[in-house]
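Here the structure is laid out as structure tokens; the discussion comes afterwards.
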Amino acid sequence: MNYWLVKTEPESYSLEDLERKGEDVWDGVRNHQARNFIAKMNLGDLVFVYHSGKHKALVGMAKVICAPYPDPKAEEGEKWLAVDLRFEKYLPKPVHLADIKSSDSLQDLLLVRQSRLSVMSVEPSEAEVLLKMANS
DNA sequence: GCCAACGTTGGC
DNA sequence: GCCAACGTTGGC
């Protein structure tokens, strides 16, 4: 099982929206690096959901519920990918970007290293730290 | 509002 | 193939 992290601007699509729908397609990713991460997603993988913009915090978890497939919104001939995610839960406590940045064990997290990336992998050790922060 | 980090486009 | 110009994302 792998961990991932997806970003969303809560004003346009929030974790609450995903909760309301139960499950939804995660599409519209138009970055090659992010696309390559989507390609590696597997059924049952867990996904941290991050609210960018004013919030700047991890707020919950979702689960990958299908294999990656061609983004239905992609232009003809463009090979972008989408997956379906199911709402899992809200984190007991949001994990704020500032706290992530000040944690020694999270300096390699792609969220910190590559601020513009919208879909990324999370190492198991990093996931463990994040979940610990969310529960403490 | 500014800026850093990227990505893309187009001229050469 | 290089690079300047420009656009976008997202933190500060």
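The chains referred to below are lettered A, B, ... by the order of the sequence lines, with proteins before strands, and numbering in each begins at 1.
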* **By side chain to side chain donor-acceptor pair (under 3.5 Å) - contacts of A/Glu16 (at least two apart)** => A/Ser14

* **Nearest non-hydrogen partners of A/Ser52 and A/Glu9, listed with the distance** => OG-OE1, 3.5 Å

* Indicate whether OP1 or OP2 belonging to C/dT8 is found under 4.0 Å from a side-chain N or O atom of A/Lys7. => no

* Protein-nucleotide distance (A/Glu75, atom CD; B/dT8, atom P), rounded to Å -> 15 Å

* Are A/Leu43 and A/Val49 connected, step by step, through hydrophobic side chains (Ile, Leu, Val, Met, Phe, Trp, Tyr) whose heavy atoms are closer than 4.5 Å? -> no

* To do: Just call it for A/Leu117: base, sugar-phosphate, or nothing, with non-hydrogen atoms closer than 4.0 Å on any strand.
  => nothing

* **Spacing between A/Leu111 atom CG and C/dG11 atom C1', to the nearest angstrom** => 11 Å

* Asked: Does a side-chain N or O from A/Tyr50 land closer than 4.0 Å to OP1 or OP2 of C/dG11, or not?
  -> yes

* With sugar-phosphate meaning primed atoms plus P, OP1 and OP2, does A/Lys101 contact a base, only sugar-phosphate, or nothing at under 4.0 Å between heavy atoms? -> sugar-phosphate

* Structure fact -> Per-nucleotide protein contact along nucleotides 2-7 of chain B, 5' to 3', at a 4.0 Å heavy-atom cut-off (B base, S sugar-phosphate only, - neither), is ---BBS

* **Residue pair A/Tyr69, A/Trp80: steps toward the ring-ring contact (aromatic ring centres under 6.0 Å, His included) verdict** => CA-CA 8 Å; A/Tyr69 57 93; A/Trp80 300 114; over 10 Å; no

* Structure fact -> In whole angstroms, the gap separating P of C/dG10 from CD1 of A/Ile100 amounts to 15 Å

* To do: Treat each ILVMFWY residue as a node, draw an edge where side-chain heavy atoms are under 4.5 Å apart, and state whether A/Ile38 and A/Ile65 are in one component.
  => no

* For the pair made of CG in A/Leu109 and P in C/dG11, what is the distance, rounded to whole Å? -> 13 Å

* Non-hydrogen atoms of A/Leu15 and A/His51 that approach each other most closely -> N-NE2, 3.0 Å

* Rounded to the Å, how far apart are A/Lys56 NZ and C/dG10 P? -> 12 Å

